[in-house]
Q: 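Structure below; questions to follow.
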Amino acid sequence: MTKPEALGRIRDLAPYAPGLSIDEIASRHGLARVIKLASNENPLGASPLAQDAIRRHAAQAFRYPQGGNPRLAAAIAALHDVEPQNILIGNGSDEIIDLLCRIMAREGEHNIVCFRPYFSLYPIQARICGLETRRAPLNEDLSFNMQALLDLVDESTRLVFLTTPDNPSGYCPDAASVASLAQAVARRAPAALLVVDEAYMDFTGPEMSLLASGNIPANAVFMRTFSKSFGLAGLRLGYAVAPAAIADAFWRARLPFSVNIMAEAAALAALEDEAFRQATMATVRKGRELLARELELMGCRVWPSHANFLLFQPPANAPKARQCFDELLAMGIIIRTLDGYGMPDRLRVSIGNHEENMLFLNAMRKVLQSGQQMP
Ligand SMILES: *Cc1c(COP(=O)(O)O)cnc(C)c1O
């Protein structure tokens with residue numbers, strides 16, 4: 001039997017590697033309590049208003065959702081002061097990334113450009129669509145070398161991905177440099193879109209966001225998600241602000257019911273839950289300062305972060321990153337190794353609630369002390 005060509009392309013594709021799950025680690029190490037600081041989820045859980053909305057809509061589960069999610073699109077458009085025709089809504093940002101690859105580019109002909117390390121879903125979806133991924137190196141300090149990115153853009157480029165704030169470093173370029181990049185991309189590749197992934201933008205000041213500035217370039221798409229600051233990762237809901245022509249193509253290509261009734265109801269409620277948003281921001285800012293300070297006191301190198309996680313490197317005389325990770329796991333604390341991001345000597349920890357942060361810091365202190373070598 002001959003193998004279809006597409007199967008060959010998928011066969012050696014490494015699938016997206018999610019953070020470890022709590023149940024998996026609890027049973028592997030026989031632990032009663034496991035905390036997960038690995039996937040940048042909301043440290044306060046899900047918005048209480050969103051939880052109420054899900055309960056209230058439970059009886060509606062037999063209905064199909066309304067096609068195009070018009071109520072949610074209108075609410076998101078109002079939030080960003082744009083028209084509903086500029087809004088795309090998907091089953092997580094993941095679906096939006098996938099569909100952008102599919103509607104924008106042709107297999108075997110076009111390429112996408114991003115920085116390395118990158119959110120692995122960009123090249124995975126590109127590869128499934130038969131697109132080349134070009135990767136530009138970051139600067140030594142993990143800031144963005146925009147010229148290196150631009151150098152890879154040519155007339156066959158259809159998507160340029162930029163993650164701001166960046167994952168896993170927490171770095172965030174200012175809005176003006178993203179605006180200049182959009183202009184430069186337009187000059188080099190008139191058919192290309194600059195896709196600005198603002199999944200973590202709520203955790204820094206609004207002045208960092210080009211979307212929030214209102215000066216939206218004609219060739220830019222801004223992705224946001226309900227998975228992080230809104231605490232709804234399990235419901236799968238992402239959106240983007242995009243040129244109307246792109247939004248139109250997106251809605252034609254999207255599976256009609258990929259955003260379900262519960263997700264839509266929860267999102268509408270979460271958008272109204274200002275108290276939860278404020279509490280989330282305060283928790284993340286305070287926790288981020290605490291973790292950065294304490295990890296530095298332990299001798300770790302910590303990168304400045306605009307997001308709800310920290311990138312850090314254990315001191316030279318301590319156990320290596322992988323060993324720290326394994327020992328933390330055995331104590332019931334899941335953080336993230338970064339081998340997949342090409343940073344095997346570093347770790348990423350999500351900001352938790354105060355109790356989780358203290359448990360992590362105490363465990364980390366133990367790990368570093370136990371491995372300290374005598375001079
Ligand atoms: C978490 C995250 C997202 C959000 O993805 P969803 O599919 O909306 O959950 C998007 N981009 C990056 C870089 C992320 O880390």
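Whatever order the structure lists them in is the order used to number ligands and atoms, beginning at 1.
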Q: Could you list the atoms of ligand 1 found under 4.0 angstrom from a heavy atom of Ser227?
A: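 Those qualifying, in numeric order: 6 (P), 8 (O), 9 (O).
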
Q: Using modelled atom types and a 3.5 Å cut-off, is there a donor and acceptor pairing between side-chain atoms of Asn86 and backbone atoms of Val241?
A: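 Absent.
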
Q: Taking ring-ring contact (aromatic ring centres under 6.0 Å, His included) as the cut-off, I'd like each qualifying pair that reaches into residues 159-202, sequence neighbours left out, listed once.
A: Tyr122-Phe161, Phe144-Tyr171, Tyr200-Phe309

Q: Can you list the atoms of ligand 1 that are under 4.0 Å from a heavy atom of Arg236?
A: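 It comes down to these atoms of ligand 1: 6 (P), 7 (O), 9 (O).
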
Q: Considering only heavy atoms, does Met223 approach ligand 1 within less than 4.0 Å through its side chain, its backbone, both, or neither?
A: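 No part of Met223 is near ligand 1 at this cut-off.
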
Q: With distance as the sole criterion, is a donor-acceptor pair present between the side chains of Ser227 and Glu41 under 3.5 Å?
A: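 Result is no, nothing qualifies.
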
Q: For Glu140, look at atom CD and say whether over 12 heavy atoms of other residues, nucleotides or ligands are found less than 6.0 Å away.
A: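 12 or below, so no.
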
Q: Taking non-hydrogen atoms only, is Lys228 closer than 4.0 angstrom to ligand 1 via side chain, backbone, both or neither?
A: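 Contact part for Lys228 vs ligand 1: side chain (C-beta onward).
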
Q: Considering distance alone, does some N or O of Tyr200 sit under 3.5 Å from an N or O of ligand 1?
A: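 Min N/O separation from ligand 1 is below 3.5 Å for Tyr200.
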
Q: Ser258 side chain to Arg254 main-chain N or O, any donor-acceptor pair under 3.5 Å?
A: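 Absent.
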
Q: Not counting sequence neighbours, list each pair that qualifies as a ring-ring contact (aromatic ring centres under 6.0 Å, His included) and has a residue in residues 53-109.
A: Tyr64-Phe257, His80-Tyr239

Q: What part of Ser93, side chain, backbone, both or neither, has a heavy atom within less than 4.0 angstrom of ligand 1?
A: both

Q: Is it the case that ligand 1 has an N or O less than 3.5 angstrom from some N or O of Thr163?
A: no

Q: Minimum distance, heavy atoms only, to atom 10 (C) of ligand 1: which one of Thr225, Asp197, Asp94 is it?
A: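 Result: the heavy atom closest to atom 10 (C) of ligand 1 is in Asp197.
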
Q: Can an N or O of Asn40 be found at a distance shorter than 3.5 Å from an N or O of ligand 1?
A: no

Q: Regarding Asn260 and Glu264, do their side chains bring together a donor and an acceptor under 3.5 Å, going by distance alone?
A: no

